[in-house]
Each structure stands twice: as C-alpha cells, then as structure tokens.
**Student:** 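Quick one: this structure, given as structure tokens, is what I'll be asking you about.
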Amino acid sequence: MSKFKNTVSIIILIFGVFFTSVASANGCQPKNIIYLIGDGMGVAQITAARFEKGPLNFERFKILGLHMTSSNNNEVTDSAAAGTALATGHLTNNGVVGLSPDGEPVKNLMEYAREKGKATGIVVTATLAHATPAAFSSHVKSRYHYDDIALQQAKAGFDVMVGGGSSNLYPKSFPGSRRRDEVHVLDIMRNAMPVVFKFEHLEKVRGNRFSAIFSKGHMPLASERNFTLGQLVEKAIETLNKKKDGFVLMVEGSQIDLRGHANDSKGIISETLDFDTAIKAALDFAERDGNTLVVVTADHETSGLALDNKKTFKNGKVVAPHFASDDHTASMVPVFAYGPGAEIFGGVYKINELGKKVIDFVR
Ligand SMILES: [Zn+2]
C-alpha cells in the first residue's frame with residue numbers, strides 16, 4: 001500500500017472514530033423502539049407478581065429509573081394526562097389527551113416516528129380509544145370523547161392497531177354501537193389495512209399492516225383469554241419489522257389499573273404476569289435484533305397496594321394484601337430500559353421528561 005493510501009486510511013479511521021463518538025454523546029439512534037406501559041403498575045404490583053411466579057422478565061433489565069407521575073394540575077394523575085406526558089413529553093391537566101394545558105395540540109411520539117419513515121403500532125388490552133392509546137394517537141379535550149378519538153386513530157396512519165373497542169367503530173344505527181354519529185370508522189380502517197376479530201385469524205395476516213379488534217369493549221381479562229399479550233406483541237413486531245426504516249411500538253398492559261380500582265389482587269397479579277409476557281416478546285426480539293430500544297414503565301400506581309404483614313401471604317404467595325385506596329396514587333413508578341441509548345433512563349425524573357427522552361430518539 002502506498003504512503004498516500006495509508007494516510008487516507010488513517011484520516012478516514014480518525015474521522016470514523018470522531019463521528020461515532022459524537023453520535024453516542026448525543027445518544028445513539030436505535031432503529032426500533034418498543035415502549036411498554038403497565039397501567040397502574042407500581043413496584044408492589046410487580047413484587048406481588050414476583051411472589052406468584054418467581055423470576056420475571058422485568059429482571060432481565062440492568063438499567064432502572066423512577067419517575068414522578070404528577071400531572072400539570074394534580075399531584076395524583078389520571079391516565080390521560082400521564083399518557084400525554086409519556087407520549088408527547090408535555091405535562092397537561094387530568095382528563096386531557098394530546099393537548100397542552102392551554103388546549104394546543106402537542107406532537108406525539110408516533111407522529112415524530114412517521115416523519116422519520118418508521119412504521120408505528122399500538123397493542124393494548126383495553127379499548128383502543130381508552131386514555132393511554134388515545135394519548136399516542138389523538139388530540140382531544142376530554143378522554144371521554146371516544147367518537148373523536150377512534151376517528152383520529154383510524155386516520156392517523158398506524159401500521160398495526162390491536163385492542164378492544166369495536167363498539168366505538170360502528171355507526172350509531174348499527175346494533176351494539178356506542179357512537180353518537182353515523183361515521184363508519186371500521187370502514188376507514190379497512191381501507192387502510194386488513195381487520196381481524198379473532199386471535200385465531202391473526203396467523204392468516206401476512207402483509208405489513210393489520211388491525212385486530214377482539215371485543216366490543218375492553219379485551220377479556222388475561223385469565224379469561226386463550227392467548228397472551230406477548231403473543232400479540234410478537235405478531236405486531238413481526239409485521240412492523242418489515243419496514244426498512246424501523247418501527248415504534250407502544251404496548252399497554254391496560255387492565256392492571258382496572259383490577260387495582262377493583263382491589264382485586266388476583267387480577268392485578270395475573271394482568272401483571274400477562275404484561276410480563278409482552279416484556280419477554282420485546283426483549284427476545286431486541287436481543288436478536290441488536291438495534292432496538294426497549295423501555296418499560298407505568299403511567300401511575302393504582303390502589304396503594306401494600307404487602308405489609310403476614311396476613312398478606314399464604315404459602316409464599318400474595319393472597320390478601322392491604323389496599324390504601326381504590327384509586328390512583330402519587331407514588332413514583334419504575335422505568336426499565338434495554339438496548340442502544342438505554343443508559344439515559346437511569347435516574348429520577350418527571351413523567352414528561354421520560355416522554356422527552358424517548359421522543360429524542362426519533363426527532
Ligand atoms: Zn385508573
């Protein structure tokens with residue numbers, strides 16, 4: 001090799017090292033992001049599930065953080081304000097979806113991702129129009145404006161949408177519809193992607209987009225389903241991963257919160273274990289892929305679950321815990337991160353700062 005060629009190679013090498021170090025100083029850019037949210041899942045909910053089953057997929061993470069869940073106008077957040085903070089990086093008032101406290105729309109993670117040419121997906125066990133998925137797909141004054149939320153979601157440009165809530169999709173005149181207008185949202189969805197209504201029909205889906213609506217309202221409880229959230233996440237990942245520019249997927253274990261409101265410890269445990277199957281699906285893929293960031297968190301804690309004395313336990317399992325509330329609490333909730341960029345999620349910060357950290361990877 002000539003001296004000249006040697007010099008050129010060395011210069012290229014030096015520039016290569018320089019640019020690589022600049023990129024990592026700014027936080028690298030993982031190709032894919034999987035953002036998993038356990039609604040109402042505090043540390044005690046995870047602990048109760050741990051007593052039930054032994055080691056969980058949560059324990060595969062090495063980087064952990066905590067976030068303060070308070071909303072703009074309340075120490076104790078609701079899922080709309082919390083979802084908005086996680087999806088947009090902005091604090092807002094309880095009940096508000098995808099808008100600032102002044103009512104201005106704030107861009108969400110999925111909108112940023114689509115601008116970067118990434119595929120986007122949501123997989124939840126509540127109705128798709130429920131607060132958390134709504135925050136990743138719509139901008140409305142009230143979380144209860146389900147008609148508007150469902151319509152905005154259908155038009156948003158998602159590649160994968162999985163959840164419950166068909167009653168929000170049929171026109172008012174159709175039997176079982178909960179809409180107050182004659183808009184046929186399901187037809188709008190069908191124009192964009194195949195829509196299936198049974199888990200068994202998912203295996204026939206071969207393309208790069210699909211929607212699955214499994215129930216009129218929320219999906220059945222984990223204990224009453226013949227499939228796991230993890231299986232839905234596997235199918236979503238397989239489909240979204242066909243996009244060459246990568247994907248962003250939001251997954252919600254929606255009903256940990258609902259079982260918390262009901263002070264149903266068995267339900268809290270089985271919903272948290274179902275959520276753990278989704279974490280397994282995400283981490284297994286991320287480990288194989290090598291360029292996927294996985295972030296797991298909650299929007300808030302529900303029920304003030306306390307594993308406080310001997311009566312709580314029977315044969316090493318949680319059977320009769322103490323509930324301080326049937327509503328949300330202001331306790332900090334955990335963050336678990338894996339993959340390129342995961343180290344920035346260590347520490348203690350506010351809920352909207354978590355949203356900002358995730359969004360920064362697709363800006
Ligand atoms: Zn709740």
Side-chain angles (χ1 to χ4, degrees), residues 35-49 67-87 91-98 122-138 140-146 149 163-165 168 215 217-223 229 250-275 278 296-306 321-335 350-352 354-355:
Y35 199 6
L36 301 106
I37 301 167
D39 199 311
M41 182 191 73
V43 172
Q45 282 76 0
I46 300 170
T47 312
H67 71 79
M68 284 288 286
T69 65
S70 299
S71 71
N72 181 63
N73 69 337
N74 202 314
E75 289 80 6
V76 182
T77 191
D78 81 321
S79 292
T84 298
L86 293 171
L91 289 178
T92 194
N93 297 336
N94 282 10
V96 175
V97 174
I122 44 181
V123 177
V124 304
T125 60
T127 61
L128 278 165
H130 211 241
T132 308
F136 284 80
S137 56
S138 68
V140 292
K141 276 188 204 148
S142 164
R143 58 181 292 177
Y144 301 110
H145 292 172
Y146 297 125
I149 292 168
N168 297 314
S215 45
H218 298 320
M219 271 168 46
L221 291 170
S223 56
L229 183 56
M250 189 284 282
V251 178
E252 185 193 33
S254 317
Q255 302 199 39
I256 303 166
D257 171 70
L258 302 179
R259 295 298 89 211
H261 285 288
N263 282 187
D264 165 16
S265 62
K266 225 176 156 185
I268 289 171
I269 290 168
S270 66
E271 294 300 320
T272 305
L273 290 174
D274 186 49
F275 185 62
V296 178
T297 192
D299 52 353
H300 53 75
E301 195 271 349
T302 304
S303 80
L305 180 64
H322 189 196
F323 294 95
S325 168
D326 60 4
D327 211 337
H328 302 176
T329 72
S331 292
M332 288 193 207
V333 293
V335 181
K350 288 189 195 166
I351 186 167
N352 63 308
L354 173 54

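Each ligand, and each atom within it, is numbered from 1 in the order the structure gives. Note that the coordinates shown come from a computational prediction; the quantities given were computed from them, not determined experimentally.
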**Student:** Name all residues meeting the side chain to side chain donor-acceptor pair (under 3.5 Å) criterion together with T302; count only those two or more places apart in sequence or in a different chain, and write none if there are none.
**Tutor:** D257, H300
**Student:** Tell me yes or no: between the side chains of T127 and N168, is some donor less than 3.5 Å from an acceptor?
**Tutor:** no
**Student:** Verify side chain to side chain donor-acceptor pair (under 3.5 Å) between E252 and T132, making sure each step is shown before the conclusion.
**Tutor:** CA-CA 8 Å; E252 185 193 33; T132 308; 2.7 Å; yes
**Student:** Under the side chain to side chain donor-acceptor pair (under 3.5 Å) test against S71, which residue among N93, T92, N94 passes?
**Tutor:** N94
**Student:** Everything protein-side that's N, O or S and under 2.8 Å from the Zn ion (ligand 1): list it, residue and atom.
**Tutor:** D257 OD1, D257 OD2, H261 NE2, H328 NE2
**Student:** Does H67 use its side chain to pair, donor to acceptor, with the backbone of K350 at less than 3.5 Å?
**Tutor:** no
**Student:** Indicate whether the side chain of H130 and that of S254 have a donor and an acceptor atom separated by less than 3.5 Å.
**Tutor:** no
